[in-house]
Amino acid sequence: MIRADHVSRVYSLGKTTVHALRDVSFTISPGEFVGITGASGSGKSTLLHIIGLLDQPTSGTLTINDTSINELSEDEKTEFRLQNLGYVFQDYALVPELSVLENVFLPAKARGMPKDEYLRKSEEILSQVGLGHRMYHKQNELSGGEQQRVAIARALINTPKILFADEPCANLDSKTSRNILDLFKRLNEEYSQTIIMVTHEEWHEEYMCRMIILSDGEISDQRECHRKSNPP
Ligand code: ADP
Ligand code: MG
């Protein structure tokens, strides 16, 4: 369970200050697929970075699975991220020199997983995301949708409790976007993967449990979504 209480984030730029988030409170339950939406500049990425422990609130508190995040040291936060959180970004952030397989096992290797285990697990996850036939390819031999699926496989390798995604479909056409959203939905339904995804596309909510709407740094609305069932 994620709980944000009165979270604010103020950026100071010389004499001007930007209130990117103002007094934001919400909870997210395990197994939810939650969207965060709102206009450009409304604070979506700032919020995702804070609940993903990539940034700190100026005020307010964050609790994840009974851990009071504000009380952790930087080292403890790094460890918490490695053990519990996975990230997918708009620009994929793959290492171009490495193969698909190597990109995926990198975080597992960094965490000290034995080689036979990280190889087996990477192959398994790549098959799961439909890239079992692309393991030895490099980034420049893949389509945008395939690159994003590699990034998702990499985010899943350490079995994160929470998967964060910041506009993962922003560079993809709508057919490929559906492909990625179908994958997220399947992970959420079959493995109860908790997913928090920033999007600016309203139609994405048909894949989600709930949408949080930000406007000017505040939660202006929240709605339960009505997911479409899988086609027969
Ligand atoms: P969104 O992801 O919804 O487009 P952001 O969270 O990136 O919005 O930004 C929210 C507000 O905070 C914007 O006004 C943006 O200009 C400002 N902002 C974001 N990051 C920084 C930063 N590092 N320094 C100063 N202002 C920032
Ligand atoms: Mg953003």
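Every number for a ligand or one of its atoms is a count from 1 in the order of the listing. This is a predicted model, so every value here is computed, not measured.
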- With a cut-off of 4.0 Å, which atoms of ligand 1 are near a heavy atom of Ser40? 4 (O)
- Minimum non-hydrogen distance to atom 4 (O) of ligand 1, winning option of Gly41, Ser12, Ser215: Gly41
- Item | Protein contact for atom 1 (P) of ligand 1 (heavy atom, distance under 4.0 Å) | yes
- Message: Testing Ile162, Thr27, Thr63 one by one against Ile2 for a side-chain contact (heavy atoms from CB on, under 4.5 Å), which residue passes?
- Response: Ile162
- Under a heavy-atom criterion of less than 4.0 Å, does Gly217 contact ligand 1? no
- Basic-acidic side-chain contact under 4.0 Å: Glu124, Lys121: no
- Let me see the working for Asn84 and Thr67 under side chain to side chain contact (heavy atoms under 4.5 Å, CB included), right down to the final yes or no. CA-CA 11 Å; Asn84 296 288; Thr67 302; over 6 Å; no
- Task: Kindly indicate whether atom 15 (C) of ligand 1 is approached by any protein heavy atom to under 4.0 angstrom.
- Result: no
- Item | Ser45 and Asp166 side chains, donor-acceptor separation under 3.5 Å | yes
- Message: Please check: side-chain N/O of Ser29 versus main-chain N/O of Glu32, any donor-acceptor pairing under 3.5 Å?
- Response: no
- Query: Taking only heavy atoms of Ala39, which atoms of ligand 1 are found under 4.0 Å from at least one of them?
  - Reply: 3 (O)
- Query: How far is atom 7 (O) of ligand 1 from its nearest protein heavy atom, and which residue and atom is that?
  - Reply: Ser45 CB, 3.8 Å
- Query: Can Ser42 be said to touch ligand 1, with heavy atoms closer than 4.0 Å?
  - Reply: yes
- Note on the structure: In this structure, atom 19 (C) of ligand 1 is nearest to the protein heavy atom Tyr11 CE1, 3.4 Å
- Item | More than 12 heavy atoms from other groups under 6.0 Å of NZ on Lys109 | no
- May I have the step-by-step check of side chain to side chain contact (heavy atoms under 4.5 Å, CB included) for Tyr92 and Val150, ending in yes or no? CA-CA 8 Å; Tyr92 325 125; Val150 176; over 6 Å; no
- Under a 4.0 Å heavy-atom limit, does Val18 contact ligand 1 with its side chain, its backbone, both, or neither? side chain
- In the protein, what heavy atom is nearest to atom 12 (O) of ligand 1, and what distance, to one decimal place, separates them? Ala20 CB, 3.4 Å
- Hey, does Leu13 come in under 3.5 Å of ligand 1, counting only N/O atoms on both sides? no
- Task: If you have a sec, work out which protein heavy atom is nearest atom 8 (O) of ligand 1 and how many Å separate them, to one decimal?
- Result: Gly43 N, 3.3 Å
- Pick, from Thr46, Asp166, Leu214, the option with the minimum heavy-atom distance to atom 5 (P) of ligand 1. Thr46
- Message: Under 2.8 Å from the Mg ion (ligand 2), can any N, O or S atom of Ser40 be found?
- Response: no
- Flag side-chain contact, heavy atom, 4.5 Å: Cys169 against Phe184: no
- Task: Indicate the ring-plane relationship of Tyr87 and Phe164, choosing parallel, tilted or perpendicular according to the 30° and 60° boundaries.
- Result: parallel
- Nearest non-hydrogen partners of Pro57 and Val7, listed with the distance: CB-CG1, 3.9 Å
